[in-house]
Q: 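Dumping the structure here so I can ask a few things about it.
As a basis for the values below, the full set of heavy atoms in this structure was taken, side chains included, without hydrogen atoms, waters or symmetry mates.
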Amino acid sequence: MATHDADDEFETKNFLQTYLEVTGINDFRRIFPIVKWLPKYSKSQAIGDIVAGLTVGLMVLPQGLAYSSIAGLPPVYGLYSAFMGVLVYTFMGTSKDITLGPTALMSLIIGHTYSHLPRPPIVNGTQIENLCSEADTRFCCLDDEDYLCTPVDKAIATTIIAGVLQVIMGLLNFGFVINFIGFPALNGFTTAAAVTIVTSQVKYIFGLNNIRSEWYYTVADIFSSLDETRWQDFLMGISCMALTFYLEKLKAKYNDCRDESKTNYILWLAGTARNALVVGLALIVARIVAVEEGDHVFHLVRDIPDGLPTPESPFKPGLEYGEIINGAVAVSLLGYLESIAIGKVFAQKNGYVIDPTQELRALGVANIIGAFFQSYPVTGSFSRTAVNSASDARTPMCGIVTGTIVIISLVALTPAFYYIPKPALGAIIIMSVVHMIDIAALRKIKNTKPRDMIVWLTSFLLCLLWSLEYGILTAVLVSFILEVGATTFQSLKRLTKSEDEKFLMNENFQIAGLPTRWGPSYVRNVKDDVVVTKPLGSITFSMCNIFNERLVTICTYLRSETVMHACVLDLTASPDLDFTGVDTLRQVLDQAKPAVRKTVNEKTGQAQNLNTMGVVFYAIALPWMRKLIEKSSLTEGSIENGDWPLYLANTIEEAILEFNERKSTIIERFPYPWMKPKTRPSSVPVGTTETGRDGNVWKIVSNGGVKSNKWCRNNDAPKIAVETPYRLNGHNGHYKEDEEKPGSINSYV
């Protein structure tokens, strides 16, 4: 007992040691990477980080204000979400380029999660009552012109729960789960998100009110309300879009030559900070117009609370957490997916390595701490990360600068945000997310693997018309179903020798249609009496039926009364073999034994019973699969002793050579004792005995004192033999009683 306990303790220690090595949670330097680079921090790095941090700070201010509208939250919550994430990431992040904060995708998930909440009733185009007027003003929000339908408390609770889930996944090293979201499903999701975001911002460009949030309703309401377009908002929105487009092209033009002159650098900087520049110019125009005409000409952001948010618990009484947890699961997975995808792109571009597990933990901690400062979920922003990288960010320290800019704005600049026109914010959102509609990637998916278009369409349509969370989950499920379906119909390629004596796949031998159509052509022109075939895909339960059918078909058309054939299975391209696969190979071997088989004559098309020689099977497998096959008893016994095993070989050439050496011995023993011929084989002299596979002796017996050519087992020989009261059940050596008569004379069926 003591020894057993010691073994358990040793296994537990090994498990804990392996867990700590993989996750690194006992490594302070891995949890807080800042301790690695901060002691070596230099002046030149500081200059690069300050420039990058200032540039990203100017970019995140207008984006934060704009993205909050996608989430259905007041503008200030976009700023609350813009500073804590970058501060935390400075200490825990492993990428010098990633900048955390509000993004269009996270904002859209929050907005969609709670978009079904009740809205004040509209009568004749007039909002007559605010149903939430007596409720907590932070729980249901109503601004001057647009109903914001996301409860703030639920959005913040979603943030902390998502953060906790991300930290747990990081501690359990569960970052691999994102590998199950394929590119077609993800691209369909992001495309649907982009279309939804663009559509939601069109109302600001046209200056429309009372537009419902669901995509199909949004489109319908916009078209039905076009006659209510405010020309001032439309002119502002179109102008801002045009200016943003021009500045974006300006940035691209001077991106590679910005260091050649100060003018080039200024023009590049103007293009890089285009969002801040456009919003700043729009603010100035709106302020000038307000002096002359009043502040009703444009739809404005208006009052934004000044000062930093007061730290408080994100868990409020009365919240129902079922809906919140559903949203948090989607936020935790998709937020990590977006952030790690961005991190990998820029790590590869700039020649460094990131730690995916640590990135997951850093993102989770940023969301947990941010929730106490009234932040809604954050993740890595592609546009701001690209600007950060292009601005020569050297370390994550640039996040401190960006966070400081946001904090200063909250403390001192919020009164100036009053005059920011909503059409300007809508314009920069549209110009920021329109690039997410990746038509080029869609063409590649279609041209590379048309089957993936089913996954893309499922993801796109369901995310657009139903729900972002359930749309992406359904698309992942569909991709799994298609993957399983693909493995069920995997190809079985035939290999033939090339001119340089190498075995290569021959596309002339195709499996298509019914077995009677492809079978004869597949085994045609067999050299050395050996067919070499290669299954492409796993030999698991999902494909075993079709795999069995194909191998049995090959056996059917290889069988002969005069020629012994072999089939070599090259299993090196099969990534998996399960119990059902092993059992399928056993069934195939059972069908490959010599026996009287019903065979279709290729010329006449008629079926006939032939006393066929068997098909010997060889397998070429990877070491782990060889061990599995050996443990399964498929290789036990030998043909010489009356068995029909699966032989293993290291190479195709070795299998062919071994078969040619073994073939003569096999043919000499044909037909085999276990076939129990009804009449004495000519190769067996009268009066001789043969030992069958079950160890019993077969001999000629007397039938009423008369010598008979019939064969029976020695220990069951009757005193008076009768005509075959027992028949052989197939070819497996078992017997089935036809009628209750004595005797045991055996014959073919």
Q: Are the side chains of Leu571 and Leu577 in touch, meaning some heavy atoms are under 4.5 Å apart?
A: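 Sidechains of Leu577 and Leu571: no contact.
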
Q: Quick one: does Trp644's side chain have a donor or acceptor within less than 3.5 Å of a partner on Val615's backbone?
A: yes

Q: Would you say Asp583's side chain and Phe579's backbone share a donor-acceptor pair under 3.5 angstrom?
A: no

Q: Does any part of the side chain of Val331, heavy atoms only, come nearer than 4.5 Å to the side chain of Thr158, both counted from C-beta?
A: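 Thr158 reaches Val331 side chain to side chain.
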
Q: Measuring from Leu337:CG to Leu360:CG, what's the distance to the nearest 0.5 Å?
A: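 Rounded to the nearest 0.5 Å, the CG-CG separation comes to 11.5 Å.
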
Q: Is there a side-chain contact between Leu646 and Ile629 (heavy atoms, below 4.5 Å)?
A: yes

Q: Any side-chain heavy atom of Arg626 sitting closer than 4.5 Å to one from Asn650?
A: yes

Q: Has the side chain of Ser633 got a donor or acceptor atom that lies under 3.5 Å from a matching backbone atom of Glu636?
A: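 No, because the side chain of Ser633 does not come within donor-acceptor range (under 3.5 Å) of the backbone of Glu636.
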
Q: Donor-acceptor pair, Gln166 side chain versus Arg361 backbone, under 3.5 Å?
A: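 Not at all, since once roles are kept as given, no pair shorter than 3.5 Å links the two residues.
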
Q: Nearest 0.5 angstrom please: Glu630 CD to Thr635 OG1, how far?
A: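 Glu630 atom CD to Thr635 atom OG1 measures 5.5 Å (nearest 0.5 Å).
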
Q: Quick one: are His565 and Val616 in side-chain contact, heavy atoms under 4.5 Å?
A: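 Side chain of His565 against side chain of Val616, heavy atoms only: no contact under 4.5 Å found.
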
Q: Give me the atom names and distance for the closest heavy-atom approach of Trp466 to Gly471.
A: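 For Trp466 and Gly471, the tightest heavy-atom pair comes out as CE3-N, 4.5 Å.
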
Q: Quick check: do Ser538 and Ser574 have side-chain heavy atoms less than 4.5 Å from each other?
A: no

Q: Might you point out which heavy atoms bring Trp215 and Thr196 nearest each other, and give the distance in Å?
A: CD1-CA, 4.0 Å

Q: So, for Met453 and Lys446, which heavy atoms are closest and what is the spacing to 0.1 Å?
A: CG-CA, 3.9 Å

Q: Mind telling me whether Phe346 and Phe382 have parallel, tilted or perpendicular rings, with 30° and 60° as the class edges?
A: tilted

Q: Do Leu634 and Pro645 have side-chain heavy atoms sitting under 4.5 Å apart?
A: no

Q: Looking at Tyr618, Phe659, Phe617, which one forms a ring pair (Phe, Tyr, Trp, His ring centres under 6.0 Å) with Tyr647?
A: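 Looking at Tyr618, Phe659, Phe617, the match for Tyr647 under the ring pair (Phe, Tyr, Trp, His ring centres under 6.0 Å) is Tyr618.
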
Q: Rounded to the nearest 0.5 Å, how far apart are CG of Leu558 and SG of Cys567?
A: 6.5 Å

Q: Is the number of heavy atoms from other residues, nucleotides or ligands within 6.0 Å of CG (Asn545) greater than 12?
A: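 No, CG of Asn545 has 12 or fewer neighbouring heavy atoms, counting only those of other groups under 6.0 Å.
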
Q: Between Arg586 (side chain) and Gly581 (backbone), is there a donor-acceptor pair under 3.5 Å?
A: no

Q: I would like to know whether Glu549 and Ile546 meet side chain to side chain contact (heavy atoms under 4.5 Å, CB included); could you show each step before the answer?
A: CA-CA 5 Å; Glu549 177 188 303; Ile546 193 71; 4.1 Å; yes

Q: Can you tell me how far OG1 of Thr190 sits from CD1 of Ile437, rounded to the nearest 0.5 angstrom?
A: 9.5 Å

Q: Nearest 0.5 Å, what's the CD1-CD1 distance between Ile445 and Ile454?
A: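 Atom-to-atom, Ile445:CD1 and Ile454:CD1 are 12.5 Å apart.
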
Q: Does the side chain of Leu105 reach to within under 4.5 Å of the side chain of Thr379, using non-hydrogen atoms?
A: no

Q: Could you go through Val582 and Leu628, starting from their C-alpha distance and side-chain angles, then the distance that decides it, and tell me whether this counts as side chain to side chain contact (heavy atoms under 4.5 Å, CB included)?
A: CA-CA 9 Å; Val582 170; Leu628 192 154; 3.4 Å; yes

Q: If you compare all heavy atoms of Glu338 against all heavy atoms of Met106, which two are closest, and at what distance to 0.1 Å?
A: OE1-CE, 4.4 Å

Q: Hey, what do you get for CG (Leu482) to CG (Leu477), rounding to the nearest 0.5 Å?
A: 9.5 Å

Q: Between Ser459 and Ile472, which heavy-atom pair has the shortest distance, and what is it?
A: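 Closest approach of Ser459 to Ile472, heavy atoms only: OG-CD1, 4.2 Å.
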
Q: Determine whether a donor-acceptor pair (N or O, by modelled atom type, separation under 3.5 Å) exists between the side chain of Thr94 and the backbone of Ile354.
A: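 Pair absent, no side-chain N/O of Thr94 close to backbone of Ile354.
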
Q: Could you report the tightest heavy-atom contact between Phe547 and Pro535, atom names first, then the distance?
A: CE1-CG, 3.7 Å

Q: For Lys534, which of Asp570, Ile620, Val568 qualifies under side chain to side chain contact (heavy atoms under 4.5 Å, CB included)?
A: Asp570

Q: Are the side chain of Gln358 and the backbone N or O of Met92 linked by a donor-acceptor pair below 3.5 Å?
A: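 Side chain of Gln358 to backbone of Met92, a donor-acceptor pair under 3.5 Å: yes, one is there.
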
Q: Donor-acceptor pair, distance only, cut-off 3.5 Å: does the side chain of Thr191 make one with the backbone of Gly188?
A: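 Side chain of Thr191 to backbone of Gly188, a donor-acceptor pair under 3.5 Å: no, none is there.
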
